[in-house]
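Read the structure below first, then the notes.
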Amino acid sequence: MRILVAGPVPEGSDYGNGVTARRWAHLFRHLGHEVRVVQDYDGGTYDLLVALHARKSEAAIRAFGAACPAAPIVIALTGTDLYPDLVTGGVDLTLLEHATRIVVLQPQGIPQVPPGLRSRTRVITQSMPPISGGTPAEDRFEVAFLAHARPVKDPLRLCEAVRLLPSSSRVTVTHVGGVREDDIGDRLRAESAENPRYSWLGPLPRPEALAVLARSRLLVLTSLHEGGANVVTEALAAGVPIVSTRIPGSVGLLGEDYAGYFPVGDTDALAAVLDAAERDHDGLYTQLRRQCAARRASVDPERETEAWKRLLAEAVPTKAGYEGVR
């Protein structure tokens, strides 16, 4: 089967959509399909379109539908599609009517989909092979922050929070990620120069970023919204406990009962969680490690592969004249 994957995925991009699109393309090829990844519909003939990010892929979805009217379309909804809601995210709800299947990356995404389309919606959790653990530094409690500095990531929250920690704290933050706006870059450079607890390394090649994660004692996610963050998947694969804003995208992956949440935008609460984790106050850090270990199987690549295999079989049945899943 010929599959076109379309989305906001510049070649070599290490933003979440690019990582996801490349992983899906690899997975589809593993299943025996021919795959092309593009930002815009290329005019070719394909058996299936998988569109990542409904709003940003709208033109590609409509062009593909006009050119290949018999071919099914799968639309994967990202965090900026889903939250705070589809209309606010700029998604034309009539576009979703063209979808044979809709994909969300964690179960809390389903309530964001219009009720009439939920029967077409499938949850496919992103995956990551196990990441070999690094050796944590003995002289500090290193916290990884892997996030490009976009407003939705609330990128200054963590550096502000660590300024509130007691002088005895050994918490340090290693921030890996690029910037799109000079004013944010200036703030991050100044923070890195002036705040002894914070170090911004800028963008790094993906293997180096994952090495920072693997050696860290915690991953922190400060986002306002996430569809199902790759970095949470990566932390689970690395066995690194997570502290996250209590947002649906994280609750869907980690569970309602997860102990490492703090309210969106609450600097004081984030500082308190970091302090308690470092000191293992009331066994918090031990609990986070245990809860993340229990969820590690949820990011097994075999699970994601099987989920896509089932979805492809639903979307492209052999009776429609396609090859179906091999």
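- No side-chain heavy atom of V152 sits less than 4.5 Å from a side-chain heavy atom of S223.
- The pair E191-R197 does not meet the salt-bridge criterion, since no charged nitrogen lies less than 4.0 angstrom from a carboxylate oxygen.
- Of the inter-residue distances, the one linking D154 atom CG with T267 atom OG1 reads 7.5 Å to the nearest 0.5 angstrom.
- Smallest separation of non-hydrogen atoms from L48 and P72: CD1-O, 3.4 Å.
- Put simply, the side chain of Y41 reaches to within 4.5 Å of the side chain of C68, judged on heavy atoms.
- Taking 4.5 Å as the limit, every side-chain heavy atom of L219 sits out of range of all side-chain heavy atoms of V243.
- A salt bridge links R279 with D275: the closest approach of a Lys/Arg side-chain nitrogen to an acidic carboxylate oxygen falls below 4.0 angstrom.
- Between E160 and R163 there is no salt bridge, since none of the side-chain N atoms of the basic residue sits less than 4.0 Å from a carboxylate O of the acidic one.
- Salt bridge annotation for E234-R206: present, with a cationic side-chain nitrogen under 4.0 angstrom from a carboxylate oxygen.
- Using modelled atom types and a 3.5 Å distance limit, the side chains of R303 and S298 yield no donor-acceptor pair.
- A distance of 11.5 Å separates OH of Y258 from CZ of R246, quoted to the nearest 0.5 Å.
- Closest non-hydrogen pair, A21 versus V9, comes out as CB-CG1, 3.5 Å.
- For the pair H148/V179, no side-chain contact is recorded, criterion being any heavy-atom separation below 4.5 Å from C-beta on.
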>> side chain to side chain contact (heavy atoms under 4.5 Å, CB included) for L105 and T125? Distances and angles first, verdict last.
In response: CA-CA 5 Å; L105 304 178; T125 302; over 6 Å; no
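- Looking at every heavy atom in both residues, P8 comes nearest to H53 through CD-CB, 3.8 Å.
- Between T20 and the options T233, T78, N230, a side chain to side chain donor-acceptor pair (under 3.5 Å) holds for only N230.
- Not one N or O on the side chain of R157 forms a donor-acceptor pair closer than 3.5 Å with the backbone of D266.
- Under 4.0 Å is where a charged nitrogen must lie from a carboxylate oxygen, and between R2 and E34 at least one such pair does.
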> side chain to side chain contact (heavy atoms under 4.5 Å, CB included) between T121 and R101: does it pass, once the steps are laid out?
Replying inline: CA-CA 6 Å; T121 304; R101 290 291 181 271; over 6 Å; no
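- Checked for salt-bridge contact, D280 and R289 miss the test: no charged N lies under 4.0 Å from a carboxylate O.
- The CZ atom of F145 sits 13.0 Å away from atom CG of L213, with the distance rounded to the nearest 0.5 Å.
- Scanning both residues, R29 and V35, for their nearest heavy atoms gives NH2-O, 3.2 Å.
- You'll find the side chain of L158 reaches within 4.5 Å of the side chain of L274, heavy atoms only.
- Here the closest heavy-atom approach between residue S132 and residue A214 is recorded as O-CB, 3.4 Å.
- Taking 4.0 Å as the cut-off between side-chain N and carboxylate O, E314 and R122 count as a salt-bridged pair.
- Under the 3.5 Å distance criterion, the side-chain polar atoms of Q112 are matched with a main-chain donor or acceptor of L82.
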> Given the rule in the side chain to side chain contact (heavy atoms under 4.5 Å, CB included) test, do Y261 and T245 qualify, once you have shown the distances and angles that lead to the verdict?
Replying inline: CA-CA 5 Å; Y261 298 126; T245 41; over 6 Å; no
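- Other residues, nucleotides and ligands contribute more than 12 heavy atoms inside 6.0 Å of the CZ atom of R295.
- For the pair I242 and L254, the minimum side-chain heavy-atom distance is below 4.5 Å.
- A salt bridge links D186 with R189: at least one charged nitrogen is closer than 4.0 Å to a carboxylate oxygen.
- Between W24 and E304, some side-chain heavy-atom pair lies under the 4.5 Å cut-off.
- Between K153 and E226 there is a salt bridge, since at least one side-chain N of the basic residue sits less than 4.0 Å from a carboxylate O of the acidic one.
- Residues V171 and L164 fall into different hydrophobic clusters, defined by Ile, Leu, Val, Met, Phe, Trp and Tyr side chains chained together at heavy-atom separations under 4.5 Å.
- Interatomic distance, NE2 of H225 versus CG of D81, reported as 12.5 Å (0.5 Å rounding).
- Closest approach of V162 and N195 over heavy atoms only: CG2-ND2, 3.8 Å.
- In the displayed structure, R23 atom CZ is contacted under 6.0 Å by more than 12 heavy atoms of other residues, nucleotides or ligands.
- Under a 4.0 Å N-O distance rule, the pair E97/R120 qualifies as a salt bridge.
- Counting only heavy atoms from C-beta outward, the side chains of T88 and Y83 never approach each other to under 4.5 Å.
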> side chain to side chain contact (heavy atoms under 4.5 Å, CB included) between L156 and R187: does it pass, once the steps are laid out?
Replying inline: CA-CA 8 Å; L156 299 172; R187 290 283 304 276; 3.3 Å; yes
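- A distance of 5.5 Å separates CD1 of I247 from CG of L221, quoted to the nearest 0.5 Å.
- Without hydrogens or angle criteria, S192 side chain to L188 main chain gives no donor-acceptor distance under 3.5 Å.
- Looking at R36 and D42, a side-chain N of the basic residue comes within less than 4.0 Å of a carboxylate O on the acidic one, giving a salt bridge.
- The CZ atom of R140 sits 13.0 Å away from atom CD of E278, with the distance rounded to the nearest 0.5 Å.
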